[in-house]
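These notes are about the structure you will find just below.
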Amino acid sequence: MPAPAEPLLELTDLVTGYRVRSGIGRPGGQVRAVDGVSLTVRPGETVGLVGESGCGKSTIARTIVGLVRPSSGKVLFEGRDLAALPAKEMRRLRQEIQLIFQDPYAALNPRMTVAALIKEAWRIHPGLVPRERWEEEVRGLLSRVGLRPEHADRYPHQFSGGQRQRISIARALAVRPRLIVCDEAVSALDVSVRAQILNLLRELQRDLGVAYLFISHDLGVVRHLCDQVAVMYLGKIVETGSKESVYQRPSHPYTQALLSAAPSLDDWRGDERGEIVLSGDVPSPLNPPSGCRFRTRCWRAQDRCRDEEPALVDRDTGHPVACHFPEAVPTPSTTAAETAS
């Protein structure tokens, strides 16, 4: 078996925090939205990052592209620490890392035509495409993402949601990126359109060799598109591994609960227990639980879970998992609060 390629993107103990002001019924303080996350994306690979809303997935995306500065840890691109680069070098490197947002209409300037939106990338990064080839390149990019080149002079509002996301993809491709961060890039689209965009992303990866960090809460989409999967809960990764390993042998109770609730997946449990219904709400990131952050909703929680934070390591499960009791058979009790108290 050939040795794995060197990482294209590597997050090492990444911490990104926000200062939250106090308000009515809300205390102020520091939120560690991302708390010690390590993650690797290799060239031509698709890594899926999944979890509930508010777990820190989008904060990771914004930290990678430089919209948010990390509090500590490193974001390495081909071994270079992005936070330590001079502004000029960082600007040049940004063309190799592009971000596709969830809402394609909000991400596109409604006062600019499609052609102007794509050409803007070449104005920001002069010399990337000779000016005399701009019109030809615009037509080629639109054709590549499945749009009609003659519609280059139209405005975003003249397109459907799926077409606008194709425009966003074309704009990202305009600067020849090596990594595209997709932040819930298909969640706002209809199911049929979603499938078309996913197929487009796979075709682009096959033809161009681009790598993806694909952020989503849809486990079916992640299973269709991704090679590696990382499951995130309240700022931390709790389970990670190859798609086959995580989906066939989920070891963390949170991963098992997510998979049990997802439609149209194979029955990984091998029995008829049905969906695992989690008790309680996600704790506040301002005051996360001690020890394991999932313990207040976990039917397996014991005293050790309260006192000791589990490390993300392989515990004879075939892939890393942050759980003290990863091999226990899920047997949900009446309330998670009773077992975690």
Side-chain angles (χ1 to χ4, degrees), residues 43-44 46 58 61-62 64-67 90-216 221 224-225:
T46 301
S58 293
R62 293 172 179 272
I64 290 170
V65 300
L67 296 177
M90 182 60 193
R91 181 177 180 181
R92 187 201 66 77
L93 195 60
R94 275 180 180 162
Q95 76 183 58
E96 299 193 40
I97 308 173
Q98 291 293 296
L99 175 62
I100 298 176
F101 294 94
Q102 175 179 356
D103 186 350
Y105 190 68
L108 301 174
N109 189 332
R111 295 183 176 85
M112 298 176 70
T113 65
V114 171
L117 286 165
I118 295 175
K119 292 176 184 177
E120 184 181 30
W122 301 326
R123 292 190 176 94
I124 295 173
H125 301 283
L128 190 61
V129 176
R131 184 175 288 270
E132 61 270 17
R133 290 185 51 203
W134 282 11
E135 298 299 332
E136 177 186 352
E137 285 285 323
V138 167
R139 291 194 297 271
L141 283 168
L142 292 180
S143 179
R144 178 175 283 279
V145 300
L147 294 174
R148 299 175 65 176
E150 57 266 31
H151 292 169
D153 292 328
R154 292 187 176 185
Y155 291 87
H157 74 271
Q158 296 176 283
F159 295 88
S160 68
Q163 289 173 324
R164 288 197 291 265
Q165 198 61 291
R166 290 175 187 268
I167 295 169
S168 296
I169 294 171
R171 187 174 63 167
L173 293 175
V175 292
R176 318 282 203 271
R178 299 183 61 195
L179 171 69
I180 297 179
V181 181
C182 303
D183 187 9
E184 298 280 7
V186 298
S187 63
L189 306 177
D190 292 339
V191 173
S192 60
V193 178
R194 187 180 306 174
Q196 295 170 13
I197 297 298
L198 291 174
N199 289 333
L200 171 62
L201 291 173
R202 295 187 73 173
E203 291 171 7
L204 292 173
Q205 186 173 62
R206 182 192 63 212
D207 296 342
L208 305 176
V210 64
Y212 297 121
L213 176 60
F214 192 84
I215 295 171
S216 178
V221 168
H224 175 74
L225 187 68

Counting only pairs under 3.5 Å, give me each side-chain donor-acceptor contact of residues 99-106, with atom names and distances, residues two or more places apart or in other chains.
from, atom 1, to, atom 2, distance (Å)
Gln102, NE2, Ser187, OG, 3.1
Asp103, OD1, Tyr105, N, 3.1
Asp103, OD1, Ala106, N, 3.4

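- Within the structure, salt bridge (Lys or Arg N to Asp or Glu O under 4.0 Å) contacts touching residues 111-122 (residues at least two apart or in different chains) are Lys119-Glu135.
- Every residue was checked against the side-chain hydrogen bond (donor to acceptor under 3.5 Å, both in side chains) condition with Arg123, not counting sequence neighbours, and none meets it.
- Counting only residues at least two apart or on different chains, the salt bridge (Lys or Arg N to Asp or Glu O under 4.0 Å) pairs with a member in residues 180-204 are Arg194-Asp218.
- Put simply, the side chain of Gln98 does not reach to within 4.5 Å of the side chain of Arg171, judged on heavy atoms.
- The ring pair (Phe, Tyr, Trp, His ring centres under 6.0 Å) contacts involving residues 117-140 comprise Trp122-Trp134, where partners must be two or more places apart or lie in separate chains.
- Screening Ile197, Ile169, Ile167 against Val145 for a side-chain contact (heavy atoms from CB on, under 4.5 Å) leaves a single residue, Ile169.
- Annotation: side chain to side chain contact (heavy atoms under 4.5 Å, CB included) contacts of Tyr155 (sequence neighbours excluded): Thr113, His157, Gln158.
- Under the side chain to side chain contact (heavy atoms under 4.5 Å, CB included) criterion, Pro130 pairs with Glu132, Arg133, sequence neighbours left out.
- With rounding to the nearest 0.5 Å, the separation of CG in Leu141 from CZ in Arg139 is 11.5 Å.
- A search for side-chain hydrogen bond (donor to acceptor under 3.5 Å, both in side chains) contacts involving Ser160 returns Gln163, not counting sequence neighbours.
- Scanning for side-chain hydrogen bond (donor to acceptor under 3.5 Å, both in side chains) contacts around Gln95 gives an empty result, with sequence neighbours left out.
- Between His224 and Asn199, the closest side-chain pair of non-hydrogen atoms falls below 4.5 Å.
- Atoms CD1 and CZ, on Ile124 and Arg94 in that order, are 10.5 Å from each other to the nearest 0.5 Å.
- Nearest heavy-atom pair, Pro156 versus Leu117, reported as atom, atom and distance to 0.1 Å: CG-CD1, 4.0 Å.
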Show me the side-chain donor-acceptor pairs of residues 172-179 shorter than 3.5 Å, one per line, residues at least two apart or across chains.
from, atom 1, to, atom 2, distance (Å)
Arg176, NH1, Ala174, O, 3.4
Arg178, NH1, Glu78, OE1, 3.3
Arg178, NH1, Glu78, OE2, 2.1
Arg178, NH2, Glu78, OE2, 3.2

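- The structure places CG of Leu213 at 9.5 Å from OG1 of Thr46, a figure rounded to the nearest 0.5 Å.
- When side chains are defined from C-beta on, Leu142 counts as touching Ile118, because their heavy atoms get closer than 4.5 Å.
- Listed by chain and residue number, His151 satisfy the side-chain hydrogen bond (donor to acceptor under 3.5 Å, both in side chains) test with Arg154 (two or more places apart in sequence, or in another chain).
- Using a 4.5 Å cut-off on side-chain heavy atoms (C-beta onward), Gln165 and Leu200 make no contact.
- Here the side chain of Tyr212 pairs no donor or acceptor atom with the backbone of Leu225 at under 3.5 angstrom.
- Between Leu189 and Gly162 the shortest heavy-atom distance is CD2-N, 3.9 Å.
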